[in-house]
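To start, the structure itself, in structure tokens.
Quick note: residue numbers are just sequence positions, from 1.
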Amino acid sequence: MLTCMMYDWAEWKVKSTSVRKAKQQSMKMKNYSWERLIMRFMLGLCVGLAGCVVEDEFCAAGAGPGPERREEYDKGRNRIIDISHRYHSDMPAWESKDSLGQFLWLTRSMANGSLANFSEFKLPAHCGTHVDAPGHVFDHYFHAGFDVDSLDLLLLNGPALLVDVPRDTNISADVMKSLNIPRGVPRVLFRTLNTYRRLMYQKKFDTSYVGFTEDGANWLVENTDIKLVGIDYLSVAAFDHLIPAHLVFLKGRVRKFLIYD
């Protein structure tokens with residue numbers, strides 16, 4: 001289990017078709033649309049969870065309309081867009097026929113006489129927006145302590161390329177070739193059919209999601225300079241290639257995963 005929540009932020013300089021709410025400009029590209037992003041991933045201690053993802057019923061009593069849930073932040077010439085998922089009970093959970101369910105409890109309440117509001121939570125580490133640690137699929141890395149605290153924060157910050165994957169396929173070697181991702185790009189977010197099917201907004205886990213095949217992962221490692229791979233569902237690897245693709249990405253501890261939407 002992770003001992004912290006992960007929040008990922010994107011500071012965008014929009015060059016072409018941007019994600020929701022960003023001002024759009026068009027630009028013809030052969031196989032994908034792309035944006036330059038400054039992605040910032042901040043690991044926040046769990047003690048702040050209640051103020052960030054507290055369920056609606058906790059905010060309903062006497063507090064008015066509630067806080068604004070902003071996704072965009074403008075600061076000078078830079079735009080920051082929060083691309084992380086807000087945790088809620090109806091979001092999908094790994095290999096679950098049901099949703100995540102209740103994960104947050106208010107254990108002490110000022111409304112019931114306590115001096116402060118206290119909450120506790122319990123949820124799987126492999127849900128919502130998250131990063132896979134090297135120890136996820138390699139036991140020797142796990143016992144050596146290669147958890148999320150060992151990830152290179154410099155790698156988790158900087159420009160990224162957003163590419164559109166063909167809608168009818170997993171990310172195979174042939175698909176990777178067709179995307180023509182140039183050398184020198186260290187971070188790529190792959191937007192797939194998962195986004196258009198809105199899989200992260202369905203309660204039931206869907207094994208038909210799009211992800212990397214083993215040969216697609218191998219092609220990326222051998223033919224690109226990508227160090228951070230992002231995708232729009234709960235696993236970077238296609239369901240039929242779960243362990244083989246993960247092993248390819250994590251064996252050298254140089255590929256990091258961001259699950260984004």
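Taken together through direct or relayed side-chain contacts under 4.5 Å among Ile, Leu, Val, Met, Phe, Trp and Tyr, Ile243 and Tyr141 form part of one hydrophobic cluster.
Applying the salt bridge (charged side-chain N to carboxylate O under 4.0 Å, His left out) criterion to Lys203, with sequence neighbours excluded, gives Asp90.
To the nearest 0.5 Å, the span separating CG on Asn112 from OG1 on Thr107 amounts to 11.0 Å. Interatomic distance, CZ of Arg187 versus CG of Leu161, reported as 11.5 Å (0.5 Å rounding). In this structure, OG1 in Thr213 is found 6.5 Å from CG in Asn170, a value given to the nearest 0.5 Å.
At distances below 3.5 Å, not a single donor-acceptor pair connects side-chain atoms of Glu222 with backbone N or O atoms of Thr224. The backbone N or O of Thr129 sits nowhere less than 3.5 Å from a side-chain atom of His85 that would complete a donor-acceptor pair.
Taking the six-membered ring for Trp and the full ring otherwise, the centers of Phe146 and Phe138 sit at least 6.0 Å from each other.
Judged by distance alone, the side chains of Asp174 and Ser172 never bring a donor and an acceptor atom under 3.5 Å apart.
Proximity of Ile181 to Phe190: side-chain heavy atoms (C-beta onward) are separated by under 4.5 Å at one or more points. Proximity of Leu100 to Ser89: side-chain heavy atoms (C-beta onward) are nowhere separated by under 4.5 Å. Side-chain contact check for Met200 versus Thr195: every heavy-atom pair is 4.5 Å or farther apart. Contact of the Phe249 side chain with the Asp132 side chain is not registered, since no non-hydrogen atoms from C-beta on lie closer than 4.5 Å. No side-chain heavy atom of Pro182 sits less than 4.5 Å from a side-chain heavy atom of Asp225.
Counting non-hydrogen atoms of other residues, nucleotides and ligands closer than 6.0 Å to CZ of Arg167 gives a total above 12.
Using a 4.0 Å cut-off between charged side-chain N and carboxylate O, Arg197 and Asp206 make a salt bridge.
Note on ring orientation: taking the six-membered ring where Trp is involved, the planes of His136 and His126 are parallel (angle under 30°, cut-offs 30° and 60°). Aromatic ring pairs are classed by plane angle as parallel below 30°, tilted from 30° to 60° and perpendicular above 60°; the pair Tyr209 and Tyr233 is tilted.
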